[in-house]
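Working notes, beginning with the structure itself.
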Amino acid sequence: MITLEICCYGAECALIAQEFGADRIELCSSPAEGGLTPSYGCLKQTMDTVNIPVHPIVRPRGGDFCYSDSEFEAIKHDISLIRQLGFPGVVYGILNREGHIDIPRMRILKALSGDMAVTFHRAFDMCISPKQAYEQLTELGVARILTSGQQQNAELGLPLLKELNVLAGKTPNGPIIMAGAGVKLSNLQKFIDAGLSEVHTSAGKVMPSSMNYRKAGVTMSANMEMDEFTHYCVDRDVVEAMKNLLTITNYD
């Protein structure tokens with residue numbers, strides 16, 4: 001069975017994704033930065049209203065994945081909170097300055113995660129050696145790796161994704177390879193044909209604000225080109241169409 005994970009930026013989006021066919025949710029905030037740790041309110045609301053598995057991301061800031069001592073402490077606190085709230089899984093990843101998996105810190109986080117399934121996110125795509133990283137994450141007991149195949153998008157990364165997927169098939173208890181970044185309805189069949197068992201997508205669209213009054217010339221963002229009166233949300237039609245295609249494939 002091919003699993004469809006939807007990246008959701010809020011509890012409302014998670015409910016939409018669930019209704020229209022998502023198998024699992026990655027819960028984030030801040031789409032402009034590629035996904036950051038959601039707030040307590042978002043975590044609690046999603047936990048209380050969504051029935052399918054939800055795996056929150058723990059990422060304290062945008063940018064690289066080499067964190068200061070203070071940032072690492074924040075990551076530990078967030079993982080502990082997510083575990084206390086009862087989530088079945090969590091998403092994180094840490095590298096050292098040389099571009100390798102930060103093994104000592106990952107061991108600490110893995111212990112804090114307890115029984116939660118750990119997804120190592122696209123920090124994997126910034127590693128020097130993906131094969132070595134896969135072996136290290138296997139030893140750590142990570143459940144899956146979200147990766148674009150170390151390319152700007154997963155379609156370009158299909159050659160490495162296929163290699164890693166073959167490696168996963170030969171590795172007892174090895175992490176599942178989940179394709180993510182640029183996975184969409186128009187190229188979904190390519191990932192199906194590659195034999196991948198999990199795909200990750202935001203399946204999103206830009207939604208207009210519900211406000212009637214719109215103050216011109218004022219923005220909350222340092223990026224003056226951003227439109228204050230739009231926001232990113234899951235596209236229910238895309239989720240449903242992707243799920244339908246995966247369902248047909250699962251039954252074939």
Side-chain angles (χ1 to χ4, degrees), residues 1-9 13-28 35 46 50-57 87-91 93 116-122 124-125 130 133-134 137-138 141-205 233-252:
M1 300 290 285
I2 301 173
T3 298
L4 176 62
E5 179 177 278
I6 303 295
C7 178
C8 294
Y9 296 94
C13 286
L15 276 172
I16 293 171
Q18 173 180 264
E19 180 181 356
F20 287 88
D23 297 304
R24 184 173 61 237
I25 302 295
E26 181 194 57
L27 188 64
C28 310
T46 306
V50 174
N51 298 320
I52 62 175
V54 176
H55 295 187
I57 194 171
F87 286 94
V90 63
V91 182
M116 290 191 296
V118 174
T119 298
F120 193 92
H121 59 40
R122 290 192 61 218
F124 183 87
D125 292 323
Y134 185 88
L137 293 173
T138 298
V142 165
R144 66 182 47 78
I145 298 168
L146 171 61
T147 173
S148 65
Q150 296 207 326
Q151 297 295 325
Q152 187 60 29
N153 63 66
E155 187 170 352
L156 291 174
L158 270 169
L160 179 57
L161 286 169
K162 291 177 182 178
E163 287 184 43
L164 291 169
N165 197 46
V166 170
L167 180 60
K170 296 178 179 178
T171 306
N173 301 316
I176 295 166
I177 297 300
M178 177 168 59
V183 176
K184 47 195 175 183
L185 182 60
S186 61
N187 63 12
L188 181 57
Q189 188 64 50
K190 293 182 180 181
F191 300 99
I192 296 170
D193 294 342
L196 294 162
S197 61
E198 299 195 359
V199 291
H200 167 101
T201 177
S202 60
K205 63 179 178 180
C233 188
V234 166
D235 187 328
R236 63 189 67 198
D237 294 334
V238 173
V239 175
E240 185 174 40
M242 293 181 83
K243 182 60 177 180
N244 287 341
L245 179 55
L246 292 175
T247 299
I248 293 169
T249 302
N250 286 337
Y251 279 114
D252 282 350

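If you read the sequence from its start, that first residue is 1, and numbering goes on from there.
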Mind listing the closest non-hydrogen atom pair of T138 and P172 along with its distance? CG2-O, 4.5 Å
In Å and rounded to the nearest 0.5 Å, what is the CG to CE distance from L161 to M178? 11.5 Å
Where do L196 and A179 come nearest, in terms of heavy atoms and distance? CD1-CB, 3.8 Å
To the nearest 0.5 Å, tell me how far D125 CG sits from F120 CZ. 9.5 Å
Is E5 reaching over with its side chain to a backbone N or O of E198, donor-acceptor style, under 3.5 angstrom? no
Can you tell me how far apart OG1 (T247) and CD (E240) are? Round to the nearest 0.5 Å. 10.0 Å
What side-chain donor-acceptor pairs closer than 3.5 Å can you find for residues 149-156, not counting sequence neighbours?
from : atom 1 : to   : atom 2 : distance (Å)
Q150 : NE2    : F124 : O      : 3.0
Q150 : NE2    : C127 : O      : 2.9
N153 : OD1    : E155 : N      : 3.1
N153 : OD1    : L156 : N      : 2.9
E155 : OE1    : N187 : ND2    : 3.0
E155 : OE2    : K190 : NZ     : 2.4

If we only count heavy atoms from C-beta on, is the I57 to E26 side-chain gap below 4.5 Å? yes
Ignoring hydrogens and geometry beyond distance, is a side-chain donor-acceptor pair present between T3 and D23 at under 3.5 Å? no
Nearest heavy-atom approach of A22 to I6 is CB-CG1, 3.5 Å
Taking side chain as C-beta onward, heavy atoms only, is V239 less than 4.5 Å from I16? no
From SG (C13) to CZ (R236), nearest 0.5 Å: 10.0 Å
Non-hydrogen side-chain atoms of V50 and L15 separated by less than 4.5 Å: yes
V91 side chain near L27 side chain, heavy-atom distance below 4.5 Å: no
Could you tell me whether the side chain of T201 reaches within less than 4.5 Å of the side chain of V238, counting heavy atoms only? no
If you look at every heavy atom in T46 and A14, which pair is closest and at what distance? CG2-CB, 4.1 Å
R122 vs H200 side-chain heavy atoms within contact, under 4.5 Å: no
Could you state the interatomic distance from OG (S148) to CG (L160), rounded to the nearest 0.5 Å? 8.5 Å
Say you draw a straight line from CG of L137 to OG1 of T171; how long is it, rounded to the nearest 0.5 Å? 11.5 Å
Verify, without hydrogens or angle tests, whether D235 (side chain) and K205 (backbone) share a donor-acceptor contact under 3.5 angstrom. no
Side-chain donor/acceptor of H121 to backbone N/O of L146, under 3.5 Å: no
Closest contact, heavy atoms only, K184 versus M242: C-CE, 3.9 Å
Decide yes or no for F191 and I2: does some side-chain heavy atom of the first lie under 4.5 Å from some side-chain heavy atom of the second? no
Pair L246-V199, side chain to side chain contact (heavy atoms under 4.5 Å, CB included): steps then yes or no: CA-CA 10 Å; L246 292 175; V199 291; 4.2 Å; yes
Shortest non-hydrogen contact from A168 to P175? CB-O, 3.6 Å
